[in-house]
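Note: hydrogens, waters and symmetry copies are ignored here, and every other heavy atom, side chains too, is used. Residue numbers begin at 1 in each chain, while the letters A, B, ... track the order of the sequences.
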2 protein chains.
Amino acid sequence: MPRRVRSDGERSRKVIVDAAARIATVEGLEGLSIARVAAATGMSKSGVFGLFGSKQELQMAAIDEARSVFVDQVVRPALQASEGIERLSALCDGFLDYVRERVFPGGCFFASVAAEIGPRPGELRDRIREEQKLWVGLLTENAQRARKAGQLPAGTDPRQLALELSAMLTGADIAFLLHEDPRIIEGVRKAIRERVGR
Amino acid sequence: MPRRVRSDGERSRKVIVDAAARIATVEGLEGLSIARVAAATGMSKSGVFGLFGSKQELQMAAIDEARSVFVDQVVRPALQASEGIERLSALCDGFLDYVRERVFPGGCFFASVAAEIGPRPGELRDRIREEQKLWVGLLTENAQRARKAGQLPAGTDPRQLALELSAMLTGADIAFLLHEDPRIIEGVRKAIRERVGR
DNA sequence: CCTACCGATCGGTAGG
DNA sequence: CCTACCGATCGGTAGG
């Protein structure tokens, strides 16, 4: 039985990026040290290092992994709902569930990392900016369709609504982690439900 | 002319905690290293260490300083407005100004530190929790008075409103720092103005 | 307040 | 993928 090319390396890589994304939500992207990831996965430091080539590449790989988890947990399920107000609601509810269920131990990966890296220019920040824009763009797009379909209160600005929802969701994540109180999640869920008028 | 007791130490302490609070908003409370504070203030590492006795004491002193700045910049000015809806608005506007004007280089000290330390149990988190509760309590109190005075839409729950406002303000801070776009601050300001109905 | 130092941990390299 | 190591930086200590 022939050994498949790069099979072991790919398996190790998957284990590592999974651990890295989880660690980053608690310790931050800066605290995502190669040694910590090595300890969490039972590999040697240089084994981890060798698979990525630099700390920054490991950080970028953790972002890739987190994006994939976010799409699976929040975006894809909402695509079942029809475009417009229903999908907009499903995206917000999905986000709140993903935070509350602790898909990552430190809450939303992107909220956590945005707060850390926001004031620090560099390639990591540029990357997080782009991910955040995609998310707000998805909310905006569905708010626009909802407005055109007459599903929102008259005079609602879709971009403004998306900004508001995005800010409230990020704020909910941070407050929930700090206080460990699910009533914060449910309170924000209720606020959003009333805001989008359903 | 007699040398005043502890005068020099007090002056050094003030310079250090000021630098420490600023550094923490960019590098985090964990990244608030004694060496970094020493470099920023021109002191030796052990000089800084000696004045506080441990890294955690330095972190706690930075929190004290940030609290004092927050009260001066956000809370005290709002006390000029009368209790209820006016003060509630003034607190939110003051918060957004304090973020936008970069009183701290990394935005709101408490938002930044809450996001970092939220998932890490310990004395620092307990302290940040208490500060956050005081802030939400201040918002709640004014929302309650506003409701009793009939200044809010019927059926508004004051605690719910305070939670919403607090989440939106934290979210605005983080998004503003990430994108460096003041339209985010102004968009959230507008959303809040409409939410409190004035 | 300083210099000089400690052991631990960091990112990264050498060599296999 | 590993062991063994490098220089830099960390929190903290000794001694003054």
Side-chain angles (χ1 to χ4, degrees), chain A residues 2-24 26-63 113 116-117 120 122-125 127, chain B residues 2-24 26-63 113 116-117 120 122-125 127:
Chain A
R3 183 179 177 280
R4 272 174 299 167
V5 175
R6 291 179 56 213
S7 164
D8 288 0
E10 280 170 15
R11 202 174 302 122
S12 293
R13 216 189 130 89
K14 173 67 183 135
V15 169
I16 290 168
V17 297
D18 183 87
R22 294 175 60 81
I23 290 170
V26 176
E27 310 291 344
L29 276 182
E30 199 59 43
L32 181 65
S33 75
I34 293 171
R36 222 183 299 238
V37 172
T41 57
M43 287 182 66
S44 72
K45 242 180 65 179
S46 76
V48 173
F49 182 86
L51 279 169
F52 297 90
S54 73
K55 180 177 183 178
Q56 184 166 306
E57 282 309 308
L58 173 61
Q59 291 168 321
M60 288 290 190
I63 297 172
V113 162
E116 177 191 5
I117 218 138
R120 301 193 216 161
E123 290 174 34
L124 290 170
R125 183 176 74 167
R127 172 69 194 280
Chain B
R3 186 177 174 280
R4 271 173 301 166
V5 175
R6 291 181 57 214
S7 163
D8 288 0
E10 280 170 14
R11 201 174 301 122
S12 293
R13 216 188 130 89
K14 173 68 182 135
V15 168
I16 290 168
V17 295
D18 182 88
R22 295 175 59 82
I23 289 170
V26 175
E27 310 291 343
L29 273 183
E30 198 59 43
L32 181 65
S33 75
I34 293 172
R36 222 183 299 241
V37 173
T41 56
M43 286 181 67
S44 71
K45 242 181 65 180
S46 75
V48 172
F49 182 86
L51 278 168
F52 298 91
S54 74
K55 180 176 183 178
Q56 183 166 307
E57 282 307 308
L58 172 61
Q59 291 167 321
M60 288 289 190
I63 297 172
V113 162
E116 177 191 4
I117 219 137
R120 301 194 216 161
E123 290 175 34
L124 290 169
R125 183 175 77 166
R127 174 67 195 279

A/Glu27 and A/Glu116, any side-chain heavy atoms less than 4.5 Å apart = no
Could you give the CD1-to-P distance, from B/Ile34 to D/dC10, as a whole number of Å?
-> 10 Å
Length of the CD1-P vector between B/Ile23 and D/dC10, whole Å | 11 Å
Closest non-hydrogen atom pair, B/Leu32 against B/Ala20 = CD1-O, 3.3 Å
Interatomic distance, A/Lys55 NZ vs D/dA8 C1' [rounded to whole Å] = 13 Å
Could you say whether A/Ser46 or A/Ala35 is positioned toward the 5' end of DNA chain C, judged by the nucleotide with the nearest heavy atom to each?
-> A/Ala35
Rounded to the nearest Å, what distance is computed from the CZ atom of residue A/Phe49 to the C1' atom of nucleotide D/dT3?
-> 16 Å
On DNA chain C, nearest-nucleotide positions of B/Ile16 versus A/Ser33: which is more 5'?
-> B/Ile16
Report which part of the nucleic acid A/Ser44 touches: base, sugar-phosphate, or nothing (heavy-atom distance under 4.0 Å, all strands).
-> base
Hey, are the side chains of B/Met43 and B/Val15 touching, using non-hydrogen atoms and a 4.5 Å cut-off?
-> no
Which whole-number value in Å describes the distance from B/Glu30 CD to C/dC10 P?
-> 11 Å
Heavy-atom closest contact (A/Phe49 atom, A/Ser54 atom, distance) = CE1-CA, 4.0 Å
Taking only the side-chain heavy atoms of B/Lys45 (C-beta and beyond), determine which of D/dC10, D/dC5, D/dT13 contains the nearest atom.
-> D/dC10
C/dG12 P sits how many Å from A/Leu58 CG, rounded?
-> 10 Å
Could you state the CE-P distance from B/Met43 to C/dC2, rounded to the nearest angstrom?
-> 5 Å
Nearest-Å distance for atom pair CD/P, residues A/Gln56 and C/dC10 = 18 Å
Sort out the partner of C/dG12 for me: Watson-Crick or G-U wobble, both distances under 3.5 Å, none otherwise.
-> D/dC5
